[in-house]
Protein chains: 2
Amino acid sequence: MIQFRNTEEGLEVLYKQHVVFNHTRMRPSFFVGSGHATIKTYRGNYNIRDHVDSRIPLEHVDIDGNTLLFHKDRHQLKVTFCDEYDRLTVHFEADQPYERFWMRLHAERDEKIYGCGQQYSYFNLRHRQCPLWASEPGVGRDPRSLTTFHANLHDRAGGHYHTTGHPDTTFVSSRCYWTHVETYAFAEFNFRHDDYHELHVWEVPERLVLGKTDTHLALMTHLTAYTGRPPRLPDDLHDGIMLGVQGGTEVVLSYLRQAQAAGVKVNGLWCQDWVGHKYTTFGKRLFWNWLWNETLYPDLKQHIKTLKAQNIRFMAYISPHLLKGESLFNEAASKGYLIQNEKGEPYIDDFGEIEGSQVDLTHPGAFTWYKQVIKTHLIDMGFAGWMADFGEYLPIDCRLHNGENPMHMHNQWPVLWARCNYEAVKESGKLGEIVYFMRAGGHGSQTYATALWTGDQSVNWEKHDGIASVIPATLSAGIIGNPYMHSDIGGYTSLYGNIRTKELFERWLEFSVFSAFMRTHEGNRPEQNFQFYRDHETLSLMARMTSVRQDLKPYIVHMVDEAVKHGYPLQRPLFLHYPDETISYETTYAFLFGQDLYVKPVIEPFATTQIVNLPNDEWIHLWSGEAYQGGETAIPAPIGQPPVFYRKQSTFAPLFNDVTQTYRQRQEYADGKATDL
Amino acid sequence: MIQFRNTEEGLEVLYKQHVVFNHTRMRPSFFVGSGHATIKTYRGNYNIRDHVDSRIPLEHVDIDGNTLLFHKDRHQLKVTFCDEYDRLTVHFEADQPYERFWMRLHAERDEKIYGCGQQYSYFNLRHRQCPLWASEPGVGRDPRSLTTFHANLHDRAGGHYHTTGHPDTTFVSSRCYWTHVETYAFAEFNFRHDDYHELHVWEVPERLVLGKTDTHLALMTHLTAYTGRPPRLPDDLHDGIMLGVQGGTEVVLSYLRQAQAAGVKVNGLWCQDWVGHKYTTFGKRLFWNWLWNETLYPDLKQHIKTLKAQNIRFMAYISPHLLKGESLFNEAASKGYLIQNEKGEPYIDDFGEIEGSQVDLTHPGAFTWYKQVIKTHLIDMGFAGWMADFGEYLPIDCRLHNGENPMHMHNQWPVLWARCNYEAVKESGKLGEIVYFMRAGGHGSQTYATALWTGDQSVNWEKHDGIASVIPATLSAGIIGNPYMHSDIGGYTSLYGNIRTKELFERWLEFSVFSAFMRTHEGNRPEQNFQFYRDHETLSLMARMTSVRQDLKPYIVHMVDEAVKHGYPLQRPLFLHYPDETISYETTYAFLFGQDLYVKPVIEPFATTQIVNLPNDEWIHLWSGEAYQGGETAIPAPIGQPPVFYRKQSTFAPLFNDVTQTYRQRQEYADGKATDL
């Protein structure tokens with residue numbers, strides 16, 4: 001399957017007839033060199049300036065069996081090609097430990113690129129340049145937005161289109177291959193060039209792994225066989241919505257009763273403040289000592305049991321950070337379980353008016369201890385899951401127990417954090433039952449994160465950081481093997497004048513029916529922002545949308561089956577099922593929910609209609625039952641009717657038709673045309 | 001004077017005992033390589049993204065007499081060191097035409113760097129990285145300012161701290177050397193490193209030239225002997241102020257009469273709209289066909305004569321741009337005198353709602369023709385000078401008559417433009433009489449520009465683009481041999497809510513006494529902004545400040561003598577005369593006007609006092625006559641009394657004392673203490 005082919009000016013490497021490298025002396029495939037970087041860190045935001053000292057093009061190549069020796073004078077790189085497990089693996093062995101490494105994969109002009117972790121701004125990364133470095137995803141994420149302007153001015157936190165808490169050196173090409181570069185070092189993938197992709201890594205990576213199949217569906221299965229797949233998402237998550245509420249036992253139960261009385265199907269309460277609060281200028285934050293706050297949540301254990309009997313999950317919150325001076329911090333510090341500064345003391349970081357440290361996840365004792373914290377204080381409490389927050393903050397100047405350079409551990413940190421949660425749950429025998437959801441990630445999240453959420457969107461309509469950004473983030477993480485994606489309904493970050501409106505919340509709600517699960521969030525400043533529990537109309541809409549969710553359950557369970565068996569993500573780019581249509585590869589803000597539902601969320605304010613561009617098939621509009629062919633159409637899209645279509649030929653068509661009928665009846669009832677529901 | 005000295009790990013090159021290069025195999029002094037850039041241009045703003053393909057450290061060095069051969073394998077660079085005219089010249093000869101070149105000069109940790117053209121944000125460039133590329137200087141010039149935010153949003157015009165219309169590959173070090181890299185290609189000088197300065201050029205430059213003296217004063221003379229010096233600034237420029245006014249013969253004469261009636265000493269009228277107007281959304285702009293508009297300025301020739309008899313210059317305006325479809329454009333086009341597009345047609349550019357082209361200054365016929373335009377339409381009209389605007393807009397994709405790559409001509413363009421003016425004036429026998437002033441510049445401006453102004457400041461107090469930025473721009477251009485610097489009194493750019501206030505105008509006025517000459521500007525939106533002719537109080541202040549200017553004339557003439565004889569700039573950094581004080585090297589916003597006046601302009605709004613940090617000497621406060629020693633003092637600084645001190649030991653002390661007495665009398669008169677002026 002591997003071929004080396006001499007060309008006029010050099011050498012091509014093919015795998016399954018697919019050109020992987022196209023090397024010439026003038027345009028070599030590999031470069032090695034040296035460099036030094038200046039990195040400024042501020043509360044999870046990284047300003048990285050690189051200075052390349054040398055960059056040696058390895059112009060010459062010698063063939064020795066399956067090994068190519070790329071070299072220039074005393075610099076050489078041994079590149080060994082193997083076909084193992086139906087994958088191309090390319091091993092790199094350098095003559096010295098180069099600080100900088102560049103590799104050019106062959107590219108074609110019209111090729112598109114997807115993946116590289118959670119990418120919030122662009123699904124197709126062609127003509128983009130993506131630093132791959134775990135960080136706060138950024139506020140506004142666009143220097144042309146006032147949100148970003150203010151975030152930079154006040155907190156250096158504005159970000160760019162490429163900032164992400166979940167970078168991954170894995171991507172998928174429209175040419176139907178996937179590839180992964182084995183490294184957690186800083187990387188920057190440059191897809192700007194017409195005839196090559198330049199992958200830059202701050203070390204010589206171990207390997208490049210590449211898979212090639214005939215179809216993108218087969219590619220998903222092939223890729224996830226390599227990355228691994230997460231535990232099955234439990235079925236009860238499709239029964240309704242998880243209410244993200246806070247304030248103590250009485251308060252959260254009253255929200256539950258209120259929602260249920262309004263007809264909302266509730267499958268969980270997510271109460272991040274189970275540990276109590278800490279107020280900062282950013283907003284209401286949590287008390288980072290991961291112990292039950294009995295004052296705020298009296299009788300919690302009993303309530304958890306009662307709720308569980310009603311099929312309502314009680315969900316919590318945890319992060320790898322520990323609040324300075326509190327019990328878990330003190331215990332970890334005394335045992336040497338915290339990351340250290342150069343003096344060997346606990347490394348204290350400012351997380352934004354919160355001082356704390358992090359558990360050293362490279363320390364086997366610390367890792368086990370923190371798993372035990374999760375088991376004792378979360379699993380044994382009866383929590384059915386939690387937000388496993390953060391993971392992007394490993395300081396690059398700390399000392400780690402394993403002696404590794406933090407620059408090489410930083411991007412692995414979110415994965416270690418995921419694995420810590422994974423093992424705690426696994427060892428408790430609760431994989432497939434407990435669900436924790438993460439923002440940070442990396443190569444390994446595919447196995448270790450039971451679900452992901454798309455991070456802390458701003459509570460507005462900005463393309464790069466508002467409601468819209470959920471979609472590329474979902475699709476990009478999904479295409480590299482993270483099937484269970486969802487978002488904070490209503491968004492999270494309310495800063496610099498961005499205040500969540502009712503309309504935003506409702507638009508977010510309606511399209512979250514078509515995600516891995518539905519979960520609301522009060523946001524960082526609950527009092528100033530719209531909350532569903534203050535609005536009867538919104539509660540009615542929640543009742544309606546959670547009913548739709550429940551009605552779709554058999555279909556969603558089927559999708560989860562596919563995720564488990566085939567590695568297909570729930571939300572899918574159009575090209576997975578419509579590979580022959582050009583537009584499938586260019587669509588960012590529409591997706592397929594499984595094979596049979598086309599969804600184009602409303603992501604603009606004041607919309608009454610939405611233009612959709614349906615793939616070439618027979619479609620039925622989910623809310624009206626009207627039939628459509630492929631092509632561009634304007635569809636009415638009042639709130640509660642996000643543009644969703646089902647495939648007429650779907651085996652689930654009767655189920656979808658039931659939804660249509662039920663919804664129509666309700667709508668007619670609401671319009672006064674029917675007298676009884 | 002040149003020494004090659006073996007070190008433990010490599011080789012040092014010394015000149016006059018001064019380490020110039022410190023080469024080791026691990027930290028070579030030279031690198032060569034290749035790269036490709038993406039450059040986006042929009043109305044004089046350039047977005048430049050470089051991609052380095054290779055960067056070869058020339059690790060090895062062989063000595064052959066005065067030549068060092070730096071090499072690595074097949075890459076080699078012959079570096080020949082000569083001591084000529086008391087300068088070190090370093091000739092470069094590469095084995096192939098490299099696209100990228102890096103050179104590391106030895107640096108010391110505490111060293112400071114000044115120059116590189118007009119640098120508006122920082123005088124000391126140490127720890128800065130300066131792309132050297134002629135462009136619009138930028139609006140706001142600071143991504144953290146709202147001005148820049150809006151300028152980027154609307155016009156991609158916000159700029160950075162380093163954007164400048166006058167880049168120069170010449171700088172001066174606190175270690176008392178100057179150096180110039182002979183190139184007009186894109187360059188980027190990186191002063192961020194502790195132990196080297198990395199000078200990056202997009203070609204192998206011809207030479208590096210370096211001068212070393214014992215004192216910074218001697219260095220100015222030494223440097224300007226190399227760069228050349230401009231014609232002597234005429235004495236009448238010290239007699240008062242040049243009024244920048246517009247609107248036609250009657251209007252400008254009425255402003256003159258009004259000012260004179262108020263006691264303002266006027267030495268010129270600068271009427272840029274002598275060609276008529278064109279209105280755009282940016283504001284009132286000029287009709288770029290450089291011919292007398294007889295409708296707007298009837299009887300102009302006669303008035304010019306009358307004014308000249310009163311020692312009042314009449315000043316005009318011109319640029320290298322020609323308005324499409326107008327007579328000069330048509331004539332130039334028909335002769336093939338315009339820069340061309342790839343089809344061989346005139347290259348039409350959008351200068352901001354103005355379509356036009358540029359005279360091809362590489363075409364000897366065009367150059368001569370445009371000199372003739374200047375002679376016929378400006379000099380023969382009797383104009384005593386003009387603003388010679390622009391020069392930063394040579395498109396990088398045009399075709400030039402000389403066949404050169406526009407990337408290599410772009411930075412030279414302002415210098416050609418200066419030379420065109422210079423030769424027109426010289427051939428008319430009017431050097432030292434006619435004064436044109438330029439914003440754009442480069443290596444060569446020192447000879448060819450009769451004066452510079454500091455570009456188009458925003459009409460506000462922003463550090464990077466408001467009144468403050470005049471000072472670093474003045475000092476940086478001055479230190480590399482441009483002695484005659486001044487600015488638009490009141491600033492120019494009024495956009496995005498920035499409106500000139502009376503206070504700003506008056507602060508700008510008062511410190512412009514201590515510049516090469518005083519000239520007001522109405523700004524880009526005259527109607528919306530403060531104008532002196534609408535305010536009697538301001539006219540009184542102008543009367544007072546222009547009297548001071550006139551009183552200082554003997555001293556200023558002496559400074560001009562020094563500029564001619566020794567190359568000293570009029571506004572000088574403190575270290576020229578106080579080289580032993582650390583603070584002399586760290587001061588940006590104070591300067592010496594000649595040897596004997598210390599000036600620290602008020603550049604903040606609402607100031608009533610100003611803190612000054614006087615060099616160690618005996619000083620007399622110019623307005624109060626009070627004596628001060630060196631050190632930090634708070635000084636009253638009401639409007640009209642900018643903090644200025646004279647050296648008690650100055651030979652001009654009696655003159656300064658007269659100013660003090662005169663001023664005090666006036667102040668006491670104003671305060672009612674004296675009954676007669």
Side-chain angles (χ1 to χ4, degrees), chain A residues 24-38 47 49-60 71-75 96 99-100 102 104 127-129 140 142-156 158 160 188 190-196 198 200 496, chain B residues 24-38 47 49-60 71-75 96 99-100 102 104 127-129 140 142-156 158 160 188 190-196 198 200 496:
Chain A
T24 70
R25 202 176 71 80
M26 292 305 290
R27 312 198 75 171
S29 293
F30 297 95
F31 305 73
V32 291
S34 56
H36 59 281
T38 315
N47 183 334
R49 180 189 293 127
D50 191 24
H51 191 93
V52 170
D53 290 318
S54 68
R55 177 176 160 132
I56 312 294
L58 300 177
E59 296 168 352
H60 309 291
H71 61 97
K72 180 183 164 80
D73 316 311
R74 67 178 178 85
H75 302 281
Q96 48 179 293
E99 296 165 337
R100 298 290 182 273
W102 297 262
R104 288 181 175 176
H127 309 303
R128 309 286 165 194
Q129 192 165 346
D142 175 10
R144 293 171 66 90
S145 88
L146 266 175
T147 303
T148 292
F149 174 78
H150 286 296
N152 283 335
L153 193 64
H154 301 299
D155 299 308
R156 304 176 217 172
H160 296 278
E188 186 160 7
N190 184 338
F191 302 112
R192 292 185 187 280
H193 294 92
D194 279 347
D195 47 357
Y196 59 85
E198 187 167 284
H200 177 33
Y496 321 120
Chain B
T24 70
R25 202 175 70 81
M26 293 303 291
R27 311 198 75 171
S29 294
F30 297 94
F31 305 73
V32 291
S34 56
H36 59 281
T38 314
N47 183 335
R49 180 188 294 126
D50 191 23
H51 191 94
V52 171
D53 290 317
S54 68
R55 178 177 159 131
I56 312 293
L58 300 177
E59 296 168 352
H60 309 290
H71 60 97
K72 181 183 164 78
D73 316 310
R74 67 178 178 85
H75 302 280
Q96 48 178 293
E99 296 164 338
R100 299 290 182 272
W102 297 261
R104 288 181 175 176
H127 309 302
R128 308 287 166 193
Q129 191 164 346
D142 174 10
R144 294 170 65 89
S145 88
L146 265 176
T147 303
T148 292
F149 174 79
H150 286 296
N152 283 334
L153 193 63
H154 301 297
D155 300 307
R156 304 175 217 173
H160 295 278
E188 186 159 9
N190 185 339
F191 302 112
R192 294 186 186 279
H193 294 92
D194 279 348
D195 48 358
Y196 58 86
E198 187 167 284
H200 177 34
Y496 320 120

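Residue numbers begin at 1 in each chain, while the letters A, B, ... track the order of the sequences.
Residue Arg192(B) touches chain A through its side chain alone, counting heavy-atom pairs closer than 4.5 Å. Of the atoms belonging to His75(B), it is side-chain heavy atoms, and not backbone ones, that fall under 4.5 Å from chain A. Neither the backbone nor the side chain of His150(B) comes within contact range of chain A, judged by heavy atoms closer than 4.5 Å. Only the side chain of Arg104(A) comes within less than 4.5 Å of a heavy atom of chain B; its backbone N, CA, C and O stay farther away. For Ser34(B), no part sits under 4.5 Å from any heavy atom of chain A, backbone or side chain. Of the two parts of Pro143(B), only the backbone, made up of N, CA, C and O, holds a non-hydrogen atom closer than 4.5 Å to a non-hydrogen atom of chain A.
Note on ring orientation: taking the six-membered ring where Trp is involved, the planes of His193(A) and His51(B) are perpendicular (angle over 60°, cut-offs 30° and 60°).
Among all heavy-atom pairs drawn from Lys72(B) and Ile56(A), the shortest one is CE-CD1, 4.0 Å. When every heavy atom of Tyr196(A) is checked against every heavy atom of His36(B), the shortest pair comes out as OH-CE1, 3.3 Å.
Within 6.0 Å of NE2 on His60(A) lie more than 12 heavy atoms contributed by other residues, nucleotides or ligands.
When each of Thr38(B), Asp53(B), Leu146(B) is checked for heavy-atom pairs under 4.5 Å with chain A, Asp53(B) comes out on top.
The shortest side-chain heavy-atom distance between Arg55(B) and Arg100(A) does not fall under the 4.5 Å cut-off.
Atom CG of Leu153(B) sits about 11.5 Å away from atom CZ of Phe149(A), to the nearest 0.5 Å.
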